[in-house]
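Reminder, nothing fancy here: chain letters follow the sequence lines and each chain counts from 1. If you're wondering where the values come from, they're calculated on a predicted model, not measured in any experiment.
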There are 2 protein chains.
Amino acid sequence: MATGRNHRPATRSRGIPEATVARLPLYLRALTALSERSVPTVSSEELAVAAGVNSAKLRKDFSYLGSYGTRGVGYDVEYLVYQISRELGLTQDWPVVIVGIGNLGAALANYGGFASRGFRVAALIDADPEMAGKPVAGIPVQHADQLEKIISDNGVSIGVISTPAGAAQQVCERLIAAGVTSILNFAPTVLSVPDGVDVRKVDLSIELQILAFHEQRKAGEEAEAAAGRKGPDGDMPAVMPA
Amino acid sequence: MATGRNHRPATRSRGIPEATVARLPLYLRALTALSERSVPTVSSEELAVAAGVNSAKLRKDFSYLGSYGTRGVGYDVEYLVYQISRELGLTQDWPVVIVGIGNLGAALANYGGFASRGFRVAALIDADPEMAGKPVAGIPVQHADQLEKIISDNGVSIGVISTPAGAAQQVCERLIAAGVTSILNFAPTVLSVPDGVDVRKVDLSIELQILAFHEQRKAGEEAEAAAGRKGPDGDMPAVMPA
DNA sequence: CCGTCTTTGTGCACGCGTTCACAAAGACAT
DNA sequence: ATGTCTTTGTGAACGCGTGCACAAAGACGG
């Protein structure tokens, strides 16, 4: 989860742990940056710093993919970029539909990271007839009526839902019925989907709430420390004086 | 998660596990919905379904907060809403600044989930002088020059970064220097921060890449099954015929 | 060809998170 | 008051993920 998580226990594909898969895109990004600077090789230590992880973890992660490093030297950047891209399935490009072109949907459509990394926005879909035909990020918005046709015509298997919460489950069901098997959900709802469909959820307010929790904890500890820990053990939460 | 993760091993606050904290907002949302429908009590099983988790997990999560249920009956919805809100620190409201008012920043500013759940957008900040004064979501955008003043005047401790990747680290440092101690980062970069500062990361393209991985795996398994698993054990990844 | 030095790949131990399964607790009817 | 029935709260087992620490592998210089 940036994120909330929502995947079944899942029979690990070729033995690659889920936690490792979640970090591969991170490594890929760091490696791409190195590649653009024409750096030929990189050590696990350097790459780990760039990706913000522990170097032992990084080496173990790579070991699941195979032995792509050279002892005493490090990893060949280009080769590793290729291997990770391949493992993630980014050597093919994935057509994606975005449903719900409000503020967030438009932001997603404009997001450069899509096109650059193996994804192609096949269509933007909205339920509002007024939106139909209007170009967003250079792509004309299409009406929700067309959803099924667009998906089957383009062989779309990944859908992004950025509708209001109320519409999400229904949109989700139509996407799945039309052939989509992976969904990235931005609507603040729990989607129920049949087995075999993957859902990942991104929820802005949840992330903020988690931050708030830690923030409150910090403030509480501070206050406690300042007061010389006079409170017993704190059954009541620390209350901030205005 | 949606999310990438990025928190230190962290001395658990009052013994509430990080994983539990991450689910509290989920429970809170489900409970709020029940509250709005005036449902007085709910069982762990019902609530678990609504939140999309295992009921044993939910009970254990709640047990970290205290014994707020009644055996044979369930949990009092209103009371639980209050307890979780309090635990998450949502009984006070947190001023938040959003830095980088592009498509995404605007979407965030317009996002209803903020105001409704304990957060208040104290200011929108952008480096582009052209943006200054323009209202987004009813709030006038202010120039980045004002950043430090805004933060100290409003006592902001949570910042949201939705700038391009290149500007993120610099913005991050200014936020921290000005007093921010929690950051929600939407820019596709690893932020390095001093101890005591929490960073959570939301990365759209990473989420999509994880989906692509699973999607590829599904396609590979399908092809393998169709071919009667004729491949040895697959050193090469399954390749999709066009 | 050999020794040294760097860096990988991994065995191992530990801790967190999840889930099962059940005893304890209470509501409610009689 | 007593028994039944529902649902919580949690002890215990298990599995995954993490990080240490080191042996094996190879580059590189002499």
Side-chain angles (χ1 to χ4, degrees), chain A residues 1 3-24 26-27 31 39-77 79-80 83-84 210, chain B residues 1 3-24 26-27 31 39-77 79-80 83-84 210:
Chain A
M1 221 229 336
T3 350
R5 294 294 100 84
N6 193 1
H7 25 71
R8 56 214 158 119
T11 43
R12 280 201 213 147
S13 65
R14 207 192 330 171
I16 300 184
E18 191 61 26
T20 295
V21 172
R23 280 187 295 268
L24 289 181
L26 218 56
Y27 302 145
L31 285 164
V39 177
T41 61
V42 66
S43 73
S44 63
E45 187 56 38
E46 292 168 318
L47 187 54
V49 170
V53 303
N54 178 297
S55 71
K57 194 190 295 187
L58 179 144
R59 287 198 299 277
K60 183 151 288 194
D61 283 342
F62 286 174
S63 78
Y64 291 117
L65 308 184
S67 285
Y68 295 146
T70 306
R71 296 175 191 230
V73 176
Y75 298 90
D76 182 279
V77 172
Y79 187 57
L80 205 46
Q83 291 298 343
I84 295 179
I210 296 171
Chain B
M1 30 172 353
T3 349
R5 293 294 99 83
N6 195 1
H7 25 71
R8 57 209 159 123
T11 43
R12 281 199 213 150
S13 65
R14 207 191 331 171
I16 300 184
E18 191 59 28
T20 295
V21 172
R23 280 186 295 268
L24 289 181
L26 217 56
Y27 302 145
L31 285 164
V39 177
T41 61
V42 65
S43 72
S44 64
E45 186 58 37
E46 293 167 320
L47 187 55
V49 170
V53 303
N54 179 298
S55 71
K57 194 189 297 187
L58 179 144
R59 286 199 300 277
K60 181 148 287 194
D61 283 342
F62 285 175
S63 78
Y64 292 117
L65 307 185
S67 285
Y68 296 147
T70 306
R71 298 178 191 227
V73 175
Y75 298 90
D76 182 280
V77 172
Y79 187 57
L80 205 47
Q83 289 299 342
I84 295 178
I210 296 171

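Counting all heavy atoms, side chain and backbone alike, A/V39 lies closest to A/T41 at CG1-O, 3.3 Å. Across all their heavy atoms, B/V42 and B/L47 have their closest contact at CG2-N, 3.8 Å. The minimum heavy-atom distance between B/A48 and B/S55, with the atom names listed, is CB-CA, 3.5 Å. Closest non-hydrogen pair, B/G15 versus B/Y64, comes out as O-CD2, 3.9 Å. Across all non-hydrogen atoms, the minimal contact from A/I84 to A/L24 is CG2-O, 3.9 Å.
Atom P of nucleotide D/dG9 and atom NZ of B/K57 are separated by 18 Å, given to the nearest angstrom. Look at CG on A/L58: it is 14 Å from P on D/dC20, rounded to the nearest Å. The distance from atom CG of A/L65 to atom P of C/dG9 is 10 Å, rounded to the nearest whole Å. Distance CG (B/N54) to C1' (C/dG17): 12 Å, rounded to an integer number of Å. Between A/Y64 atom OH and C/dG9 atom P the separation is 13 Å, expressed in whole Å.
In this model, no side-chain donor or acceptor of A/K60 finds a partner on the base of D/dG17 within 3.5 Å.
Applying the ring pair (Phe, Tyr, Trp, His ring centres under 6.0 Å) test to A/Y75 and every residue at least two apart in sequence or in another chain returns A/F62.
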Polar atoms only, N or O, under 3.5 Å: list the protein pairs with nucleotides 5-8 of chain D and their distances.
from: D/dT7; atom 1: O4'; to: B/G72; atom 2: N; distance (Å): 3.0
from: D/dT8; atom 1: OP1; to: B/S44; atom 2: N; distance (Å): 2.5
from: D/dT8; atom 1: OP2; to: B/S44; atom 2: OG; distance (Å): 2.6
from: D/dT8; atom 1: O2; to: B/R71; atom 2: NH1; distance (Å): 2.9

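Of the listed nucleotides (D/dG17, D/dA21, C/dC20), D/dA21 has the atom at the smallest distance from the side chain of A/A56.
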